[in-house]
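See below for the structure under consideration.
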Amino acid sequence: MNDILTFLVLTLFVIMSPGIDTALITKRTMADGQTGGYKMALGLASGSLVHTLAATFGLSALLLQSALAFEIVKYAGAVYLMYLGISAFLSKKSDTGSSAKEEKTKETSAFRQGLVSNVLNPKVAVFFLTFLPQFVQNDHNVTLQLLLMGITYTILAITWFFVFVFFINYLRKWLTTPSVQRFMDKATGVVLIGFGLKLALKNINNKKAICFR
C-alpha cells in the first residue's frame, strides 16, 4: 500500500510540474480554444501509452535475462529522479517560456502534434524506463505490474491535462506567471529529490536483506 501511495503521489507531482507538455497544451488552448487543448492532451497521453508498452516489454525481457541488470536500472532510476529534482529546484525559468520551438504550424493536427512530440521525446522514454522499475515487486507478474503502472500514469496525466485545459481560459494569467511556475519547479524538485533518496535507500536495504538470507 505504501508503494502504491508513493507511486501515485510522485506521478502526480511529475505530471503537474511545468514542462514541454504543459507548454504545448497552453499554447494550443490559447490559439485554438478548449477543443484544440483537449486534442493535444489526448495526443500526449497516447504517446505515454507508446512509452508504456516499450518500457513494459523491454524491462520484462531484461528481468528475465538478468536480475542484476534490472537492479542496476533501479539504482540508475533513483539517481535520475534526484537529478530531475535538483534540475527542477535550480531552474530559473519555466520551459513554457521557450515553448515556441516546440510549436508547429496551426495547420498541424493537435492530436498528431502531441503524439509525435511525446513519442520522440527521449526524456520521456528515459523517465519511463527508470521510473517504473522502482515500484516493481519481483515476486509478482512484472509485465502486468509495469503495464498497470503505465496505464495509471496515462489516466492521471489525461485527467490533469483536461482539468488544466478547462480552467486555463479563466486562470491562464495566474497559471503562467513566473512566480507560480517557479513555485511548481521548487515543489517538484524537493519531492523528486526526497523520493529519489528514499528509493535509493530502499534498494540498498532490500539488497542487504537478500544477502542476509
Side-chain angles (χ1 to χ4, degrees), residues 5 7-55 84-85 87-88 91-128 131-132 147-192:
L5 291 176
F7 171 76
L8 292 175
V9 171
L10 184 53
T11 297
L12 284 173
F13 267 93
V14 170
I15 291 171
M16 295 174 67
S17 63
I20 293 177
D21 291 353
T22 304
L24 289 172
I25 291 175
T26 299
K27 291 186 71 65
R28 198 77 193 205
T29 302
M30 290 182 175
D32 300 335
Q34 290 184 356
T35 300
Y38 289 145
K39 289 180 179 179
M40 176 68 74
L42 288 172
L44 292 168
S46 298
S48 295
L49 285 177
V50 173
H51 286 293
T52 293
L53 293 175
L84 290 178
S87 298
S91 177
K92 294 183 179 180
K93 64 179 181 178
S94 169
D95 290 338
T96 304
S98 60
S99 61
K101 296 180 181 179
E102 302 295 332
E103 183 67 11
K104 306 294 183 182
T105 60
K106 288 187 177 181
E107 288 74 18
T108 303
S109 164
F111 177 86
R112 185 167 66 250
Q113 182 185 349
L115 175 62
V116 173
S117 173
N118 195 291
V119 170
L120 298 183
N121 189 343
K123 291 183 179 180
V124 179
V126 172
F127 176 77
F128 270 81
F131 177 66
L132 298 184
L147 190 60
L148 289 176
M149 284 189 287
I151 292 174
T152 300
Y153 179 97
T154 302
I155 292 174
L156 291 175
I158 195 64
T159 301
W160 165 247
F161 290 156
F162 270 43
V163 170
F164 185 79
V165 170
F166 181 79
F167 284 105
I168 198 170
N169 285 328
Y170 305 99
L171 303 175
R172 62 180 181 271
K173 291 184 178 180
W174 179 76
L175 287 172
T176 55
T177 56
S179 59
V180 173
Q181 298 285 294
R182 284 195 297 270
F183 172 78
M184 289 298 298
D185 280 337
K186 304 300 182 187
T188 301
V190 171
V191 171
L192 288 175

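All residue numbers in this chain count up from 1 along the given sequence. Every value quoted in this text rests on a predicted model; they were computed, and no experiment measured them.
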Heavy-atom closest pair, residues A45 and I158 = CB-CD1, 3.9 Å
ask   = Which atom names give the shortest non-hydrogen contact between G36 and A110, and what distance separates them?
value = O-CB, 3.6 Å
ask   = Mind checking whether T152 and T11 have side chains closer than 4.5 Å, heavy atoms only?
value = no
message = Between W160 and I155, is the side chain to side chain contact (heavy atoms under 4.5 Å, CB included) condition met? List the steps.
response = CA-CA 9 Å; W160 165 247; I155 292 174; over 6 Å; no
Pairing residues for S46 by the side chain to side chain contact (heavy atoms under 4.5 Å, CB included) criterion, not counting sequence neighbours = F111, L115
message = Using the rule given for ring pair (Phe, Tyr, Trp, His ring centres under 6.0 Å), can you reason through F128 versus Y153, listing the C-alpha separation, both sets of side-chain angles and the distance that settles it, and then say yes or no?
response = CA-CA 10 Å; F128 270 81; Y153 179 97; 5.0 Å; yes
key: Heavy-atom closest contact (L132 atom, A55 atom, distance)   = CD1-CB, 4.4 Å
request  = Evaluate the side-chain proximity of R28 to Q113: yes if any heavy-atom separation is below 4.5 Å, no if none is.
outcome  = yes
query = Can you check whether I15 reaches D21 side chain to side chain, under 4.5 Å on heavy atoms?
reply = no
query = What about F161 and Y38, are their ring centers closer than 6.0 Å?
reply = no
Straight-line distance of H51 NE2 to T154 OG1, nearest 0.5 Å = 10.0 Å
Residue pair N118 / G47: nearest heavy atoms and the distance that separates them = OD1-C, 3.3 Å
Partners meeting side chain to side chain contact (heavy atoms under 4.5 Å, CB included) with L148 (sequence neighbours left out) = L144
ask   = Hey, what do you get for CZ (R112) to OG (S117), rounding to the nearest 0.5 Å?
value = 13.0 Å
